[in-house]
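One structure is given below, encoded as structure tokens.
Order of the sequence lines fixes the chain letters, A, B, ..., with proteins taken first and strands second; residue numbering starts at 1 for each chain. These values consider heavy atoms only, across backbone and side chains, with no hydrogens, waters or symmetry-generated copies.
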Amino acid sequence: MTPISLYNTLTNRVEPLDPVHPGEIRMYTCGPTVYAFAHIGNFRTFVFQDVLRRFLHSQGYRVLQVMNVTDVDDRIIQAAGAAGVGIREYAEKYLQAFLGDLAALHIQTPEELVRATDHIEDMVALIEKLQQKGLTYTSDGSIYFRIAGFAGYGKLSKIDLAGIQPGARVDVDQYEKQDARDFALWKAPKPGEPFWETRIGPGRPGWHVECSAMAMKYLGETLDIHTGGVDLAFPHHENEIAQSEAATGKPFVRHWLHAEHLIIDGQKMSKSLGNFYTLRDLFAKGQKPSTVRFLLLSVPYRRQLNFTEDGLTQAKNSVERLRNFLARLKAPKFAAGTNPEVQKRIEKAERDFDAGLADDINTAVALAATFDLVRDINTAMDREALLQQDALRAVAAMEKFDGILAVLADDDDATLRELGIGSAQPRLDAAQVETLIEERNAAKRRRDFPRADAIRQQLADSGILLEDAKDGSVRWKYK
RNA sequence: GGCGCGGUACCCAAGUGGUAAGGGAGAGGUCUGCAAAACCUUUAUACGUGGGUUCGAUUCCCACCCGCGCCUCCA
């Protein structure tokens, strides 16, 4: 296991990862609120979390990841009401869409994907615990957490409590709070809204309490890692810390990881600016899942990622280079044996790749190591210095890298078809392509190049590219 | 105002107290019937600006400018 260091928002420093349970990482990731399709910014964070978990896995850790699905909140209640269905049913539709999106981006499903409404009892129990400790108060049937009762409040976000005063920018809405900084653990039912009858009274959970309750239920009172977007640090994660630590008296999380936001063409993504995209929007515009994943992971997570058309083009070309390389490597036509020089190159690439990720998940460094390998091995192949065992070893290295990058599989078309986004006109199947290639080969043999080129063009029109190898073989691939 | 991220070549981007990884794009070349792929060469006297520390700073310190985010629901 390479020693891993991660930036910790709690301390503003890069610190060694030191799991509570040796050999195992228990991490909680803030998931989606399923009131609509998740947007591309959400997936920047989710792809990061996926890279993190895949890397931990590759380093030999057992990973226990819990992701919440918020399926009760104001937006869902409102949207479900407008649609005339229950919140459970309404949320289900977008939960399924979310799962489809995760699969499209090759984001592994966490060990536990948990819905808030399946854990009301756990939340009630946590709230009761806080009540017993005198850290709550009730107002108009709602239960609030008294921030003044938790000394560590603000330690994550370094927020200036004095700066948060009632009135100005704080929501002094429908709920009566003693202090603007206090937050709702339990919201009293309002007419027409769904609610649960519980020991602490009728109502529904506040947002923050679900994460504390579910995280501790599945992962224990102290988690190794908790991640989310930077916007969640305050107030969401700050409140989670307050609730959890006030209840248990133990540190809630060792490592807080926050992914920086994605911006679009230099601007915040927002509906009002008209630059708001879901994954499906991008796919419908012809982008491939692998392109999007590559772009999202190519910029290290603590940097804002400027999402642009040009960036997509660059990502697409980069993925193409990796795929071309792997295909070339797999053509089994190398002389038997091993070249020590080549072996050393491969080992170096592997070391650099792991070292990059071990240093706060520096994906840019890991990609550089990957492309170093591509260039070195391509050069060796051109010089006929690559032997069969080298090729196998290089393939293994690439597959190891792709265990984390997850962009090499040429399954973009299939993925899109599963989402119902694929192109309407069916592409030629492999047999048809092979037949045309044979025809073209025949034309080439009799030096009928116009005919050969016409066939190549015909294939190109169907989205298929040909590559003639030196030995006369022809490789084809989808554009 | 507070907290945070960042300003490196045409674009994306890594990085270090001793003189700039990687990718994309462009240009030239090799190979090829032509392509494609690949390889080779090439594209930052220089890392926002101005000071300071130092033998030496892009890297440390100070100030300033600019971009973005959070501080209210938000990945």
Mind calculating the distance between [atom1] ([X]) and [atom2] ([N]) to the nearest angstrom?
X	N	atom1	atom2	value
A/Asp73	B/A75	CG	C1'	15 Å
A/Tyr301	B/G69	OH	C1'	16 Å
A/Asp382	B/C40	CG	P	8 Å

Mind running a 4.0 Å heavy-atom check of [range] against RNA chain B and sending the residues that fall below it, in number order?
range	answer
residues 258-268 of chain A	A/Glu260, A/His261, A/Leu262, A/Ile263, A/Gly266, A/Lys268
residues 341-350 of chain A	none
residues 367-375 of chain A	A/Ala368, A/Phe371, A/Asp372, A/Arg375
residues 34-41 of chain A	A/His39, A/Gly41

Shortest side-chain distance from [X], nucleotide among [options]:
X	options	value
A/Phe234	B/G69, B/C71, B/A13	B/C71
A/Asn378	B/C11, B/C73, B/C39	B/C39
A/Asn324	B/A38, B/C74, B/A25	B/A38
A/Tyr7	B/C70, B/A38, B/G4	B/G4
A/Thr379	B/A21, B/A25, B/C39	B/C39

Apply side-chain contact (heavy atoms from CB on, under 4.5 Å) to [X] and list each qualifying residue two or more places apart in sequence or on a separate chain.
X	value
A/Arg321	A/Phe371, A/Val374, A/Arg375
A/Gln287	A/Leu282, A/Thr291, A/Val292, A/Glu309, A/Leu312
A/Asp461	A/Gln457
A/Ala36	none

| message | If you count every heavy atom of other residues, nucleotides or ligands that lies below 6.0 Å from A/Gln96 atom CD, does the total exceed 12? | response | yes

For [X], which contact category applies under a 4.0 Å heavy-atom criterion: base, sugar-phosphate, or nothing?
X	answer
A/Pro300	sugar-phosphate
A/Leu465	nothing
A/Asn12	sugar-phosphate

| request: Could you label the plane-to-plane angle of the A/Phe145 and A/Phe150 rings as parallel, tilted or perpendicular, counting under 30° as parallel and over 60° as perpendicular? | output: perpendicular

| query | Going by the angle between their ring planes, with limits at 30° and 60°, are A/Trp256 and A/His258 parallel, tilted or perpendicular? | reply | parallel

| task | With sequence neighbours excluded, tell me which residues meet ring pair (Phe, Tyr, Trp, His ring centres under 6.0 Å) with A/Tyr218. | result | A/His119

| field | All ring pair (Phe, Tyr, Trp, His ring centres under 6.0 Å) counterparts of A/Phe325, not counting sequence neighbours | value | none

Does [X] put a side-chain nitrogen or oxygen below 4.0 Å from OP1 or OP2 of [N]?
X	N	value
A/Asn362	B/G15	yes
A/Arg321	B/C39	yes
A/Asn306	B/C68	no

Between protein and nucleotides 30-33 of chain B, what N or O pairs are separated by less than 3.5 Å?
unit_1 : atom_1 : unit_2   : atom_2 : d
B/G33  : N1     : A/Asp453 : OD1    : 3.0
B/G33  : N2     : A/Asp453 : OD1    : 3.4
B/G33  : N2     : A/Asp453 : OD2    : 2.5

| Charged N to carboxylate O under 4.0 angstrom, A/Arg323 versus A/Glu467? | no

| request: Decide whether A/Arg53 and A/Thr29 meet the rule of one side-chain donor and one side-chain acceptor closer than 3.5 Å. | output: no

| message | I'd like the P distance from B/C34 over to B/U45, given in whole Å. | response | 38 Å

| field | Check: A/Gln304 side chain, B/G6 base, donor-acceptor under 3.5 Å | value | no

| Cation over ring face, A/Arg181 and A/Tyr153, 6.0 Å, 45° | no

| task | Please collect all salt bridge (charged side-chain N to carboxylate O under 4.0 Å, His left out) contacts where either partner lies in residues 4-13 of chain A, sequence neighbours excluded, each pair once. | result | A/Arg13-A/Glu15

